[in-house]
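Taking it in order: structure first as structure tokens, then the write-up.
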Number of protein chains: 2
Amino acid sequence: MIETDQVQEGWRERKRRETLDRIADTALTLFVKNGYDATTLDAIAEASGISRRTFFYYFKSKEEILATWQRELPETFRAAILAEPSGQHPFDVLQNAHLKLIANLDPQKSIAIYRIIRSSEYLLAMNQSKYLKLEQTAFEALRELWPDKSRMNAMRIVAMVSVGILRLSLENWAEGQEGKSLETYLKEEFEEMRKETLKL
Amino acid sequence: MIETDQVQEGWRERKRRETLDRIADTALTLFVKNGYDATTLDAIAEASGISRRTFFYYFKSKEEILATWQRELPETFRAAILAEPSGQHPFDVLQNAHLKLIANLDPQKSIAIYRIIRSSEYLLAMNQSKYLKLEQTAFEALRELWPDKSRMNAMRIVAMVSVGILRLSLENWAEGQEGKSLETYLKEEFEEMRKETLKL
DNA sequence: TAAAATATTACACTCAGTGCAATATTGCAA
DNA sequence: TTGCAATATTGCACTGAGTGTAATATTTTA
């Protein structure tokens with residue numbers, strides 16, 4: 001019965017994931033159409049075919065809906081950093097890890113989410129704090145790769161600047177009219193910045 | 001009657017400022033005693049001798065109470081940067097501006113506020129977004145001092161790293177058991193970081 | 001097929017925040 | 001001084017997010 005066990009366990013989890021995704025997608029559509037604040041949880045629940053109370057069984061807050069697509073980012077980021085071949089400059093390690101991260105983004109959806117986040121001071125603040133979390137993740141992962149204590153502050157700076165570049169690239173990309181890809185933005189910014197760090 | 005005018009105008013403003021400060025101080029005391037979430041606006045209003053509705057005449061949200069002490073930070077910061085004597089390295093400009101900023105802090109109150117902020121994910125996020133605002137302020141002010149376009153990215157990096165140092169210093173200071181002053185933390189961190197930026 | 005685990009819901013509640021309109025207080029001009 | 005205008009304070013009723021609880025439905029497993 002082990003097989004049946006696994007199938008049924010998996011089915012339940014699949015069901016849950018499906019409901020979760022359905023709520024999130026429904027909510028995103030409503031946010032785009034009517035704005036974040038103007039979209040009540042009642043509206044989201046109704047459009048998702050669940051009760052208001054059940055919403056809170058899936059998400060602990062309204063804001064968390066938007067976090068759905070970012071939940072695994074720190075762990076993915078960490079893994080990407082540690083998976084980089086050794087012998088590279090730490091800046092290159094982070095640049096490559098960033099490229100892996102953003103390769104998985106759905107451009108349409110990302111930009112829609114970005115616009116919603118920009119519309120609310122609260123969402124913006126919550127989002128910005130996620131960059132600091134990424135910076136911390138980057139720093140810790142770099143320290144595993146370069147455990148030498150004398151390099152600690154260098155790794156701090158690399159983490160700060162790299163995640164800063166990621167933030168700027170995402171902003172410029174989501175804001176920009178030009179058809180440039182996010183990858184292009186990121187690579188250009190990194191190249192520009194790399195010119196600087198030696199001559200400060 | 002010009003004199004009387006000014007006196008009475010000033011008196012009204014003084015009254016307003018006093019009430020505002022009284023509410024903020026009362027609230028801070030309650031936050032420290034009972035925690036941020038457990039302190040309702042009703043409790044704050046009552047302890048401040050005003051009605052709940054009047055509270056919103058002075059503050060637009062509960063969170064804004066804590067922002068009272070940081071409201072003028074960006075403008076003060078900007079002024080401090082622009083007031084620095086020329087001929088210095090941009091890192092020194094920002095370090096000195098930071099020192100001016102933190103010189104005005106009341107240690108007791110600052111640490112109390114820091115503890116409250118740490119206790120709430122929401123407050124933490126709002127606070128972290130203020131560092132990004134400071135970074136933006138620093139960047140813009142540095143660009144006024146070094147308008148040369150070829151230095152733009154260098155200024156970005158200086159702003160990122162310096163404000164990052166400020167953040168780390170404040171965290172270490174507020175968290176630390178040792179009696180070291182905030183100034184000491186900041187100077188030490190800057191010195192450490194300055195060693196790095198040339199040899200990345 | 002029964003009981004254990006998980007999912008869904010209703011209901012009633014707290015609290016932050018807003019709109020509105022009434023009242024009180026103060027400032028200023030005649 | 002008195003009356004008018006601006007500002008300050010309040011009450012009331014409302015919306016919307018989020019929680020506690022307990023009941024009911026559904027699914028899993030033994």
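Every chain is numbered from 1, with letters handed out A, B, ... down the list of sequences.
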Rounded to whole Å, CG of A/Asp42 lies from P of D/dA17 at a distance of 7 Å

To the nearest angstrom, the CZ-P distance between A/Phe55 and C/dT8 comes to 14 Å

Side-chain H-bond candidate by donor/acceptor type, A/Thr26 with A/Thr29, under 3.5 Å = no

A/Ile50 atom CD1 is separated from C/dA10 atom C1', nearest whole Å, by 14 Å

Q. Is the shortest side-chain N to carboxylate O distance from B/Glu196 to A/Arg156 below 4.0 Å?
A. no

**Item:** Side-chain N or O of A/Ser51 closer than 4.0 Å to phosphate OP1/OP2 of C/dT8
**Value:** no

Residues pairing under salt bridge (Lys or Arg N to Asp or Glu O under 4.0 Å) where one sits in residues 81-95 of chain B, two or more places apart or in two chains, turn out to be B/Glu84-B/Lys100, B/Asp92-B/Arg194

Contact check, residues 19-40 of chain A vs DNA chain C, heavy-atom distance under 4.0 Å, returns none

In whole angstroms, the gap separating C1' of C/dT6 from CZ of A/Arg14 amounts to 17 Å

Can a salt bridge be assigned to the pair B/Glu18 and B/Arg14 using a cut-off of 4.0 Å between side-chain N and carboxylate O?
yes

Of the listed C/dG17, D/dT10, D/dG18, the closest approach to the A/Leu41 side chain comes from D/dG18

Nearest heavy-atom contact between B/Val163 and B/Tyr131 is CG1-O, 3.5 Å

Per the under-4.0 Å heavy-atom filter, residues of residues 58-66 of chain B near DNA chain C come out as B/Lys60, B/Ser61, B/Lys62

Residues pairing under side chain to side chain donor-acceptor pair (under 3.5 Å) where one sits in residues 48-68 of chain B, two or more places apart or in two chains, turn out to be B/Ser51-B/Thr54, B/Glu63-B/Lys130

B/Lys15 atom NZ is separated from D/dT9 atom C1', nearest whole Å, by 12 Å

Whole-Å distance, B/Glu13 CD to C/dG27 P, equals 12 Å

Here the residues of residues 114-125 of chain A within 4.0 Å heavy-atom distance, strictly under, of DNA chain D are none

Review point. Do the rings of A/His98 and A/Phe190 sit parallel, tilted or perpendicular, given the 30° and 60° boundaries?
Key: tilted

Flag the pair A/Glu175 and A/Arg118 as a salt bridge only when some basic side-chain nitrogen lies within less than 4.0 angstrom of an acidic carboxylate oxygen.
-> yes

In plain terms, say whether A/Asp148 and A/Arg143 are close enough for a salt bridge, that is, a side-chain N and a carboxylate O under 4.0 Å apart.
no

In this structure, CE of B/Met126 is separated from CD of B/Gln70 (nearest 0.5 Å) by 10.5 Å

Checklist entry - Take atom CD in B/Gln136; do more than 12 heavy atoms of anything else shown fall under 6.0 Å from it? => result yes

Rounded to whole Å, OH of A/Tyr57 lies from P of C/dA7 at a distance of 3 Å

Check: Is it true that B/Glu192 and B/Lys187 make a salt bridge, defined as a side-chain N closer than 4.0 Å to a carboxylate O?
Finding: no

Nearest heavy-atom approach of B/Ile81 to B/Ala97 is CG1-CB, 3.6 Å

The contact string for nucleotides 20-26 of chain D, one letter per nucleotide 5' to 3', using protein heavy atoms under 4.0 Å with B, S and - for base, sugar-phosphate only and none, comes out as BB-----

Exercise for review: State, without any angle test, whether A/Asn153 and B/Glu189 hold a side-chain donor-acceptor pair at a distance under 3.5 Å.
Suggested key: no

Atom CZ of A/Phe56 and atom P of D/dG16 are separated, to the nearest Å, by 13 Å

